[in-house]
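Here's the structure we're looking at; comments come further down.
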Amino acid sequence: MGHDHTPDSAGIGSLGMIIGLAALLAVLVIVALVVSVTLPSTTPSTVPTTIGGGSHTTTTGASPSGTPAASAVAACKSDLESVQTALAAYQASTGANAAPPAAWSAASYPTNFSPLTNAPAPGPYLKMPPGDNDYVIEFDAAGHVWVEPPGTFTAAYDAANDGTSLAVCTRVAR
């Protein structure tokens, strides 16, 4: 009599269950990582500051170590480059620098990008204004671009936070 050499079905079932549990564990780890990266690391606080003789209110939400989140810095650099590119395209098309229609403030922030976002053909030069939760990007009619901490809106160009260096994002993004 010969022996039957077929695999044991109970062993295959156990192996399938182990592989399924391992896959579920991997998915849970990935979900946990995504949630930990996207959730804010601290509760924002409001801090009054004085810049150039003017009073400003700055909202901060830095990571517990006091350093900006890598995702906020990367987003700042990307948005800064997008705004600079849009301003250069506007200037090349019109022969003039774009000018924000109002003084920079929390209320005017989105509409101040309208020369770039609502421009007629060959525009728009920018799809939408950059966010202002982790940093604020501003520009003026002289062609300056600068980055401020979140919640900080300066009426005039801030040379200390000039946008020609992407390193500014590391200092101000939260």
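In this text the structure is predicted, and so the values were computed from the model without any measurement. Reckoned from all heavy atoms, side chains included, excluding hydrogens, waters and symmetry mates.
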When you measure from the side chain of [X] to the backbone of [Y], do you find a donor-acceptor pair of N or O atoms at a distance under 3.5 Å?
X    : Y    : result
Y157 : E138 : no
S108 : A103 : yes
D140 : G143 : yes
S93  : Y90  : no

Rounded to the nearest 0.5 Å, what separation is found between the [atom1] atom of [X] and the [atom2] atom of [Y]?
X    : Y    : atom1 : atom2 : answer
K127 : T117 : NZ    : OG1   : 13.0 Å
M128 : D79  : CE    : CG    : 9.5 Å
I137 : E148 : CD1   : CD    : 11.0 Å
N112 : S105 : CG    : OG    : 7.0 Å
S165 : K77  : OG    : NZ    : 8.5 Å
T164 : H144 : OG1   : NE2   : 9.5 Å

* Asked: For the residue pair P110 and A107, what are the closest heavy atoms and their distance?
  ->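 Nearest heavy atoms, P110 then A107: CD-O, 3.8 Å.
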* Asked: What closest approach, in Å, do R174 and A72 show between heavy atoms, and which atom pair accounts for it?
  ->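 Heavy atoms of R174 and A72 come nearest at C-CB, 4.0 Å.
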Side chains of [X] and [Y]: does their closest heavy-atom pair fall under 4.5 Å?
X    : Y    : value
P149 : V172 : yes
P100 : F113 : no
S82  : P130 : no

* **Chi angles and distances behind the side-chain contact (heavy atoms from CB on, under 4.5 Å) call for F139, L116** => CA-CA 11 Å; F139 63 93; L116 303 174; 4.3 Å; yes
* Asked: Where do L87 and Y125 land on the side-chain contact (heavy atoms from CB on, under 4.5 Å) test, with the steps shown first?
  -> CA-CA 8 Å; L87 288 167; Y125 305 100; over 6 Å; no
* To do: In sequence, state the C-alpha distance, the side-chain angles, and the governing distance for L166 and L80, and then conclude on side-chain contact (heavy atoms from CB on, under 4.5 Å).
  => CA-CA 8 Å; L166 293 178; L80 179 57; 3.6 Å; yes
* Step-by-step side-chain contact (heavy atoms from CB on, under 4.5 Å) determination, V136 to V147 -> CA-CA 6 Å; V136 173; V147 182; over 6 Å; no
* Would you please indicate if the ring centroids of Y135 and W146 are separated by under 6.0 Å? =>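 So the answer is no for these two rings.
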